[in-house]
Engineer: 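Got a structure for you, questions after.
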Amino acid sequence: MLKVLIPTIMMFPMIWLTSPKWLWTTAGTQSLLIAFMSLTWFKWTSEAGWTSSNAYLATDPLSAPLLVLSCWLLPLMILASQNHISPEPINRQRSYIMLLTSLQAFLIMAFGATEIILFYIMFETTLIPTLIIITRWGNQAERLNAGTYFLFYTLAGSLPLLVALLLLQQSTGTLSMFMLQYSQPLQLNSWGHMVWWAGCLIAFLVKMPLYGVHLWLPKAHVEAPVAGSMVLAAVLLKLGGYGMMRMMVILDPLSKELAYPFIILALWGVIMTGSICLRQTDLKSLIAYSSVGHMGLVAGGILIQTPWGFSGAIILMIAHGLVSSALFCLANTAYERTHSRTMILARGLQVIFPLAAVWWFVANLANLALPPLPNLMGEIMIITTLFGWSPWTILLTGLGTLITASYSLYMFLMSQRGPTPSHIVGLQPFHTREHLLVTLHLAPIILLVAKPELMWGWCY
């Protein structure tokens with residue numbers, strides 16, 4: 001764990017001491033080296049399930065893929081931001097890269113924490129850099145409003161979790177994930193216990209976000225700069241799913257009855273957000289709403305608590321993280337050239353940027369779960385789990401899949417096909433940096449088809 005965490009922390013002095021000319025190169029290179037070092041977490045030598053360097057930080061097959069995803073994303077965020085941050089004063093550039101790096105350090109500690117209270121603290125700490133990135137480097141005047149939504153939704157959801165964790169500490173005597181799996185099952189039968197159950201999960205459901213408490217997400221995505229959107233879609237939403245997986249093990253007897261409304265909301269959200277996507281004119285808003293739909297499936301898979309549901313959820317989380325981040329990068333490349341996110345104003349781009357149209361096509365196909373990509377693997381596992389739980393869910397999940405395919409094709413056709421308007425013919429060509437950026441997103445998705453056991457958690 002420390003072999004990745006210490007180099008990440010050592011990036012702070014490097015960012016402030018490097019000469020301005022080499023800042024982006026050095027930051028990108030060092031973060032890419034850290035990302036490659038993090039791949040060693042996939043190598044399992046332990047038979048106990050956990051591989052720990054000390055009592056507070058450890059990895060297991062559930063957290064390893066999410067840790068590697070967090071580390072993989074930092075060099076990509078640095079690559080994506082270079083064009084629109086480099087004209088700023090040098091100290092602001094340094095501050096921006098430092099916020100991205102601090103976010104990675106907090107995420108490593110959140111996913112690697114073995115004490116639930118340490119996970120809670122890191123879960124909350126990731127709010128600070130994200131909030132600063134949205135409110136300081138966002139594009140429109142609405143960004144302050146978006147930051148307020150983001151902060152208060154997450155805080156209001158997570159305060160009951162803190163109280164619930166203190167109560168859990170009082171009743172079991174420990175909050176260590178090593179110990180809780182061996183402690184006595186809790187006798188949960190009263191109304192108070194039901195409130196405690198809800199308190200444990202609501203913070204994560206807001207973070208995911210569940211349909212109904214999702215209003216902060218489209219605002220935050222649309223107003224954030226490209227790195228903010230990438231890290232929100234790829235990693236911060238996954239904190240909710242990861243936290244739910246860790247807590248569901250403890251909440252067992254009550255979940256059978258109390259999970260019903262949440263599963264129904266999650267599945268209804270898949271259809272509703274898909275329908276909203278079909279009506280969007282704003283490109284980033286469409287991608288943001290599609291994230292809510294995918295995370296609804298993940299929430300359903302986790303709440304049912306079967307090995308297939310858990311595996312499907314983590315596979316879909318990893319695949320969605322890479323695909324959604326790639327779509328935000330592509331949307332940003334179009335925005336940097338046309339200075340508009342309205343799809344109708346920038347259509348027919350395939351004629352001008354043929355290779356970029358290929359990237360759009362592959363990313364959209366991955367988003368609508370084309371076989372044999374991991375997105376399909378995750379969705380099929382979750383849909384099968386839901387069908388086994390109640391055959392009626394096939395109506396909701398089937399319709400949701402159909403709508404997902406519709407809005408993905410709508411997004412591709414609106415942005416890439418059709419007659420090219422005369423006002424966008426003179427756009428500057430794509431840079432190698434941007435092609436590299438999208439390749440580094442899509443290559444892992446295609447490679448994971450060959451070795452999916454890296455990311456299906458501890459269920460097999």
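Because the structure is a prediction, the values reported are computed rather than measured.
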Engineer: Have R417 and Q350 got a donor and an acceptor in their side chains that come within less than 3.5 Å?
Structural biologist: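 Result is yes, a qualifying pair exists.
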Engineer: Which pair of non-hydrogen atoms, one from A346 and one from T338, has the smallest distance, and what is that distance?
Structural biologist: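 Looks like CB-CG2, 3.8 Å.
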Engineer: Please check if any side-chain donor atom of T401 sits under 3.5 Å from a side-chain acceptor atom of E379, or the reverse.
Structural biologist: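 Looking only at side-chain atoms, E379 and T401 do not form any donor-acceptor pair under 3.5 Å.
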Engineer: Less than 6.0 angstrom separating the ring centers of F353 and W359, yes or no?
Structural biologist: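 No, the ring of F353 stays outside the 6.0 Å limit from the ring of W359, centre to centre.
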Engineer: Would you tell me whether N83 and E336 have side-chain atoms, one donor and one acceptor, within less than 3.5 Å of each other?
Structural biologist: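 Result is yes, a qualifying pair exists.
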Engineer: Could you pull out the closest heavy-atom pair between A110 and L239, with the gap in Å?
Structural biologist: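 Between these two residues, the closest heavy atoms are CB-CD2, 3.9 Å.
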Engineer: Would you kindly say whether Y96 and S81 are connected by a side-chain donor-acceptor distance under 3.5 Å?
Structural biologist: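 Checked: Y96/S81 side chains pair up, N/O donor to acceptor below 3.5 Å.
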Engineer: Let me confirm one number: the CE-CD distance from M109 to Q104, rounded to the nearest 0.5 Å.
Structural biologist: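 These two atoms lie 10.5 Å from each other.
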Engineer: Do other residues, nucleotides or ligands put more than 12 heavy atoms under 6.0 Å from W389 CH2?
Structural biologist: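 For W389, atom CH2 is crowded (more than 12 foreign heavy atoms under 6.0 Å).
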Engineer: With no hydrogens and no angle check, do the side chains of W24 and Q93 hold a donor and an acceptor under 3.5 Å apart?
Structural biologist: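 There is such a pair between these side chains.
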Engineer: Is there a donor-acceptor contact under 3.5 Å linking the side chains of E88 and W137?
Structural biologist: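 Indeed, the side chains of E88 and W137 share at least one donor-acceptor pair under 3.5 Å.
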Engineer: Tell me every residue that passes side-chain contact (heavy atoms from CB on, under 4.5 Å) with T154, counting only those two or more places apart in sequence or in another chain.
Structural biologist: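 Counting only residues at least two positions away or on another chain, T154 forms a side-chain contact (heavy atoms from CB on, under 4.5 Å) with L127, F150, K207.
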Engineer: Is the count of non-hydrogen atoms from other residues, nucleotides or ligands lying under 6.0 Å from M37 atom CE greater than 12?
Structural biologist: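 Enclosed.
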Engineer: Is there side-chain contact between L440 and L79, with heavy atoms separated by less than 4.5 Å?
Structural biologist: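 Sidechains of L79 and L440: in contact.
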Engineer: When you check the side-chain N and O atoms of H294 and N367, is any donor under 3.5 Å from an acceptor?
Structural biologist: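 Yes, N367 and H294 have a side-chain donor paired with an acceptor closer than 3.5 Å.
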Engineer: Indicate, with yes or no, if the rings of F123 and F106 have centres closer together than 6.0 Å.
Structural biologist: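 Between F123 and F106, the centre distance exceeds or equals 6.0 Å.
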Engineer: Quick check: Y153 with H214 (ring centres under 6.0 Å apart)?
Structural biologist: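 No - the distance between ring centres of H214 and Y153 does not fall below the 6.0 Å cut-off.
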Engineer: If only side-chain N and O atoms count, and only distance matters, is there a donor-acceptor pair under 3.5 Å linking T148 with N145?
Structural biologist: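 There is no such pair between these side chains.
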